[in-house]
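So the structure is just underneath, and the comments pick up after that.
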Amino acid sequence: MEVVLADALLSRAVDPGAVLRAVCAPLSADGAEALRLLLQRLSAGGARGEAAGEAVRRAAWELALERCRPLLRLGEGAAGGAERLRLCRAVRGALRHCVQLCGAPLAARLARDALDELAGGGTGAEAAVEALAAAAPLLEEPALVGRCAEVALALVREEGEGEAAAALVAGRLLPALGGNGPALGRVWDGLLGRGPAPRVGRALLALSALCDALLPRGPGAAMDARLCPRFWRLVQEGLTERDGLCRKRARYLLKRAVDLSGGQAACMRCPPDGPDGTSLFWWSAEENDKLLQFWETYILIMETLEGNQIHVIKPVLPKLNSLYELAISGKEGCWLFHPSWHMCIYKRMFESENKSLTKEGVLHFLELYETKHLPNSLGFSEFVIGPLMDALSESSLYSRTPSQLMGACPSLGMRLQKFLATYLTLLPEEEKGGFLLKFIQKMTNRHWCAVPILFLSMALAYIPACKVLGTDGLHALRDVLQCTMITHQILLRGAAQCYLLQTAMHLTDVVRFLLVATMILLAADVEQMRNKSSGKSNIKWIELEAFLNPLLDVLMKLGTNAYIPTLKTDKSLQLLLKLLQTRSLKCSKTQDDEVLSFIRKSLVMPVESVLEFILRRLTTDELSTVGDLDRCDLYLALIPEIVNLCLQLSSKKLPTVKNFISSLTNASIHNFHETDSTEELKLKEQIRKVTSIASLTVVCELVDQKPEAHLQDLPFVDALKRFTAFSQFNEVLKKPSYIEEKSGTNIPFSCSSVLETSSQGWGRIVARYVRDQWICLRFVLNKFPMLAQKYEEGTSELSSLTAERSREILESALEALTILPSDQVLPVFDCMKVLVPKLLNSLESLCIEAFDLAWKIISSLSNTQLIFWSNLKAFVRFIFDNEVLATAASTKGQAYAKIKEIILKLIDMSTTKTGVFNVVLSHCCQSWILPTCDNRGAVRNAFLNAGDYCELITEGCVFGTVFRRDQRRLIQDVHAFIESLGEKCAANVVTESTNRDDHYVRICAIKFLCLLDGSNILHKSFMEDIVIKLLEKDELVSRTRTRYYANSLQHRIKNRVWQTLLVLLPKLDQNFLCGILDKVFQAGFGNNQASVKYFIEWIIILSLHKYPQFLTKFWDCFCYDEEKLKTSICTFLSVLSHFDTILQNTSEKKPVVKKALLIVLQWCFNHNFSVRLYALVALKKIWAMCRMLDVEEFEALTPVIESSLQQVENMHGTGNARRNWQRIQDHFFFATFHPLEDYSLETIFYTLPRLSEVAEDEWISLCKFERFTDIPLPAAFQWYRSRAELLDLKPSDWSQQDMGSSSVDTDGQTEWTDVQKKIIPWKHSTPSSDLDMVLQDRAAKLGKSNSRLIVVASLIDKPTNLGGLCRTSEIFGASALVVGSLHYIQDKQFQHLSVSAEQWLPLVEVKPSQLVDYLQQKKTEGYTAIGVEQTAKSYDLTEYCFPEKSLLLLGNEHEGIPANLIHHLDVCVEIPQQGIIRSLNVHVSGALLIWEYTRQQVIKHKQQK
């Protein structure tokens, strides 16, 4: 219509130029669109006469320079939004038509102006690019063309802020230049030549727009992108770009090239681009079908990966195998297609946001070398080092599959081991070392989490031994070892380090490099050592002695030669310390090797010399600088190791050791008192004080930890006690005002920057100094609780520790907690443990302050790993000391409330930091049930604490973290895997078991309860209290949520509650059980998950078995109203299925069996199918008992019952009834489970949860009970193992739906016969560069069919229906969709349903009031107006034949088509219905008619062909 009006206006205008000027004054968006249309018609209209043509050209020239260019400079980003966008798009089109009208002169003028603007910079770059794009096709001057091409390519390559201008150049200007013959060559060189390439996204945008020129269909083309290696590299990079639009353009180019090659079926080959000589792309007429098959499969895979949905992608993955079969020549064993194409697929999968897809891609790639014999390719090694290792850094990929049990190696871990070993064996010998070195170096190039680095290290360790790594490899392994040190998980860190060391042993020439390393450590003469070790001796100790002699020579001279260089003494003592520590570690095992035995005997010889040297260095003024404190640490670390050595090997050396310790103690005390003055101390004197107190600390720890040396009886201990009694706690050292360190001379410095640099770390020195004071006090308090307030003159006796002195020390302890760093407070906690019990009654507020400060410190340490646990244990020993707990509980005051508060905080912390509750509960349980003293009163008082703080046990019984499915307990799974390796992994041997698994909390609580004795009054009362609290917790959970999901938090808590109650059941007496049985029955009426139901039923069965007199209460459960019993009655019927066990101890069985039979019979006729099944199972059991007991009263019922049971057994048909009857009989609870014989810890905590399909992290295996040794069970404890018959069963709950027993995992096995293929042929694809062209032109460019169907939806007012119709109309190629208002397309609901269809379909706005005129107009154009409505004369859709030019009018959602419009229609069509509902949704109705029209037209076109 617009075109008709424009042509009519121009044909009647005397001066078309005047018309153009009139339209654009002022120029609005509507005016600009009208101007563009008029210019388009003028440029397409041909000659109008010389005068008229000249007038039009002048007008076009003026409009281009005076109207269009200024408007373009305003930019699309200016205020005005959508209106401004419309205006700019229309102006761009108008400028293009102005150039077409005026020709080369205007094009040259615009180009020069635009180039000048670009050269001058400024903000008008985008407008200048638009002007160049309009002028480029008609430029004729070679120099100007060349200059435009150079500027365009420079802008495309430019990095920085000009992204919008560069995108415009790539999308508009370069394609426009490509349309200019002389410029195309320059564009080719810029994009695909040897110069610097533009960014991938920009290059692909330009290539997509130029594909018609670069991929020509005619023969003998000068430029063919298929023969350019850079073109294919750009396509490959685009296929793996993170930007979806780049990937789309790359696929578009690939599909265009493949379609062109397949259509031509000509021979061609792109030149090789790499050392392997393989072409990136080639074609052959003989292999045309095979090549098309390969590329179609390849494109299908790449298109499918865009879906990012694993259920869609997984069936397509087996097609990768067929790609390899096509890509490798079977005869020559070489690549027919470049392997980089395959790597693009894997890289795309590795970088997917869907981690499941990433994992599938990694697993498939790792399987290649197991299943395929692939030719060697350098690209594969680079791919492994690059994208594959980047993907392997994702921890979540190493999670277990649902079919794997806890402790199994993750599938990725196993595949990685096999892949690395296989891949390395297939590499040429000369490439192995380089590949491994790069692989290991890659492990240091980024921050790796603990789990990936563990499995990568494990894969390296399992490579078959080959000496391919040199010193660079050792350095790289060392760097990886350093990377592992940041891992907080000790077991994971240790395992990774073990595997890395194993790698070093397997892959390096250990003998060759060990000699150099050892010589450096020994600080000996290299040439001399080399000469000594090169001799061939038959006695192996000669070589070892040759290594040790230089060290021993230095050590023997330490005591007498004061002139040995400090560096040499330090290196020698460091090596001695390492040897002694290694010896201590190895000697802790039962066996010792001969080498270490020889070494330790050799190290005994220089003991006197070393001790003499240490004594001199520590007690004289030889240590006088801050730097000397590191040497002090070295000397002090040697002392306990030397004492250990002498205790184990040479008792003759013990007097020397004792003399050394006495001398060190006395000299340290003397030096400390000498420097104890009120004057300001010099640095040298302060260092002496630090050294003295550190030496006394080591002495205290030796006396405390080595009782076998009998050091506590020596006189120096009394001096140490006196020193501690007079010490001033928390004494600090003032920061020195000068230092005395430079070539042994005293050089004063002022408080300048030099001083700051020299005295850095002084705060740490002071903190350690204060900590050492508290270590000395801890020693005295633990060894001698009666510490003197003061010494009486002339005596050496200690008076009693008074309350006043205790208060002073506790106040000092609180002060120490505020001044010490959190990692130095451990000895203060230990001292408070001794002091607080004595002061809690008299100074409660001070003790509470101590509790608060201590908790604040523990909270601050919770994010650390190395020091947190030792401090937590000290905190727990202090707070949960038996005397503290008893004193607080006796008054029930503020201290009692504070301890309860701390308990809740610790439990809360344990939900985020695994292992915290373990420490608390283990300490409490051990101190309550296994006190260290033999006093019966103390034992009784200790257990009283269990009753006062029973919430610890209650919470422990139900403790456990619940993770969502997407938060699988990866670290715990990997821990379990490492532990399952046992001694195969050295970390399990070396690492101390920490019992930090969440399971150990419940294990500790359960083992504690197992040790209780029902005959002990205290134990009995405690157990009854626990049972009541657990039942209350179960009731609270049930009341909070009446329905809960399987494996939810509610389900798990209830499961743990009933497991604990089952453990306690045999210890409960009859009276108490009678009181709680009603609550148990009440719980049975709840809506319980299967596992909870089984535990409740088990408890009821055991209770009735032990006390048959409770059967009366049990029968009452069947008397409630039917609504309450609708589903819960199955619980009580299940109990009756074990009635033979219940009556085992009953003498009079007949009356009870008769009662049971009468009750069961009435439920066999219930309307609920499940209830009838349970009742029939119980009936079968009870009737068998009746037959056995010869119950005469039921002889009349015998035929009825037996025929009923026989009918059930012989049930015919294929429905659920027969199958469920068989399954319920085979179910473990009715077929195999025995309530008495299967009563064991393993059944309760492992077997039954497994069989009832509880989540695996709820299963507690028996080995964990045995591994947890903090609380041992009695030797006579028999409740351990399940029967083998039950343990061997597999889960199968009859009430579950069939899981598809015949289904198997088809991954990588067979190729699916059909897969989803949401793939667009390239002809309908688009480079997305011309979104501003008119919709009809865009549809034509897409190659869409020229449909004559118009869909009129003006009467529809719901955006959802309109969005769906827009999508349907676009898919089936309607020529236009008519809507009541174009504002609908901005609605989010419309856009959600249309999925951008409005961008590809012409939309016309016709308001409902204009429909009559619109229908009449279309009728004059030859359209048949068809209404979708039920009328008296409407045609059946199945019988109606649509004309080619059809107009479909759809009615309103509620009212349909109004009566005043029906008589304007040519015909009405209705959809035949079979149901009762009167009408379909309007979108569905429209879709059915649009499809029927399309179907008929397709058939018609096929018949015409």
Side-chain angles (χ1 to χ4, degrees), residues 1 4 1344-1358 1361-1362 1364-1380 1401-1504:
M1 178 60 66
V4 173
K1344 294 169 72 170
S1345 59
N1346 189 18
S1347 171
R1348 299 298 183 89
L1349 174 68
I1350 298 175
V1351 180
V1352 181
S1354 297
L1355 297 173
I1356 300 174
D1357 53 19
K1358 287 188 177 179
N1361 288 330
L1362 286 171
L1365 271 171
C1366 182
R1367 181 174 181 175
T1368 303
S1369 301
E1370 197 281 329
I1371 285 174
F1372 291 114
S1375 60
L1377 173 67
V1378 179
V1379 294
L1401 174 71
L1403 297 180
V1404 180
E1405 181 179 279
V1406 176
K1407 300 185 183 301
S1409 59
Q1410 302 170 336
L1411 275 178
V1412 173
D1413 295 336
Y1414 182 76
L1415 291 174
Q1416 293 302 322
Q1417 175 193 332
K1418 287 301 173 185
K1419 283 184 179 182
T1420 61
E1421 295 175 11
Y1423 280 89
T1424 301
I1426 304 168
V1428 185
E1429 186 60 273
Q1430 296 170 333
T1431 66
K1433 299 180 179 180
S1434 57
Y1435 285 82
D1436 191 308
L1437 176 61
T1438 59
E1439 300 172 356
Y1440 183 73
C1441 181
F1442 285 89
E1444 183 177 0
K1445 299 181 72 172
S1446 293
L1447 180 149
L1448 285 182
L1449 176 65
L1450 301 172
N1452 182 265
E1453 288 92 338
H1454 301 292
E1455 301 171 1
I1457 300 176
N1460 67 318
L1461 286 178
I1462 290 180
H1463 70 274
H1464 288 285
L1465 300 174
D1466 295 315
V1467 66
C1468 283
V1469 176
E1470 67 175 42
I1471 301 167
Q1473 297 179 195
Q1474 304 295 326
I1476 298 174
I1477 305 301
R1478 189 173 64 89
S1479 63
L1480 289 165
N1481 173 271
V1482 65
H1483 170 212
V1484 177
S1485 300
L1488 288 171
L1489 268 79
I1490 293 170
W1491 162 242
E1492 180 60 24
Y1493 169 87
T1494 306
R1495 187 187 68 82
Q1496 291 182 15
Q1497 298 305 312
V1498 169
I1499 293 173
K1500 187 184 296 183
H1501 288 308
K1502 286 183 178 179
Q1503 290 172 348
Q1504 290 174 353

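Computed from heavy atoms alone, side chains included, the values below leave out hydrogens, waters and symmetry copies. Numbers for residues simply follow the sequence, beginning at 1.
- Of all non-hydrogen atoms in Val1378 and Ile1350, the two that sit nearest each other are CG2-CG2, 3.9 Å.
- Applying the salt bridge (charged side-chain N to carboxylate O under 4.0 Å, His left out) definition to pairs two or more places apart or across chains, those involving residues 1480-1496 are Glu1492-Arg1495.
- Across Leu1401 and Ser1369, no two heavy atoms sit closer than the pair CD2-CB, 3.8 Å.
- Between the CG atom of Leu1437 and the CD atom of Glu1470 there is a distance of 9.5 Å, given to the nearest 0.5 Å.
- Using a 4.5 Å heavy-atom threshold, the side chains of Phe1372 and Leu1349 count as separate.
- Residue Asn1452 holds its CG atom at 9.5 Å from CG of Asn1361, rounded to the nearest 0.5 Å.
- Contact record, Gly1456 with Leu1355: O-CD1, 4.3 Å, taken as the closest heavy-atom pair.
- The one candidate from Val1406, Ile1457, Asn1460 that meets the side chain to side chain contact (heavy atoms under 4.5 Å, CB included) condition with Leu1411 is Val1406.
- Between the side chain of Tyr1423 and the backbone N or O of Gln1416, no donor-acceptor pair lies under 3.5 Å.
- Side-chain contact between Ile1471 and Leu1489: present, with at least one pair of heavy atoms (C-beta onward) separated by less than 4.5 Å.
- Across all their heavy atoms, Glu1453 and Val1482 have their closest contact at CG-CG1, 4.0 Å.
- Qualifying salt bridge (charged side-chain N to carboxylate O under 4.0 Å, His left out) partners for Glu1405, counting only residues two or more places apart in sequence or in other chains: Lys1407.
- Residues Pro1408 and Ser1354 approach most closely at CG-O, 3.6 Å, considering heavy atoms.
- Residue Gln1497 holds its CD atom at 10.5 Å from CZ of Arg1348, rounded to the nearest 0.5 Å.
- With values rounded to the nearest 0.5 angstrom, Lys1500 atom NZ is found 5.5 Å from Cys1441 atom SG.
- Between the OG atom of Ser1485 and the CG atom of Leu1450 there is a distance of 8.0 Å, given to the nearest 0.5 Å.
- Contact record, Leu1465 with Cys1468: CD1-SG, 3.9 Å, taken as the closest heavy-atom pair.
- The aromatic rings of Tyr1493 and Phe1442 sit perpendicular to each other, their planes meeting at more than 60°, with 30° as the lower class boundary.
- Atom CG of Leu1415 is separated from atom CG of Asp1466 by 9.0 Å, given to the nearest 0.5 angstrom.
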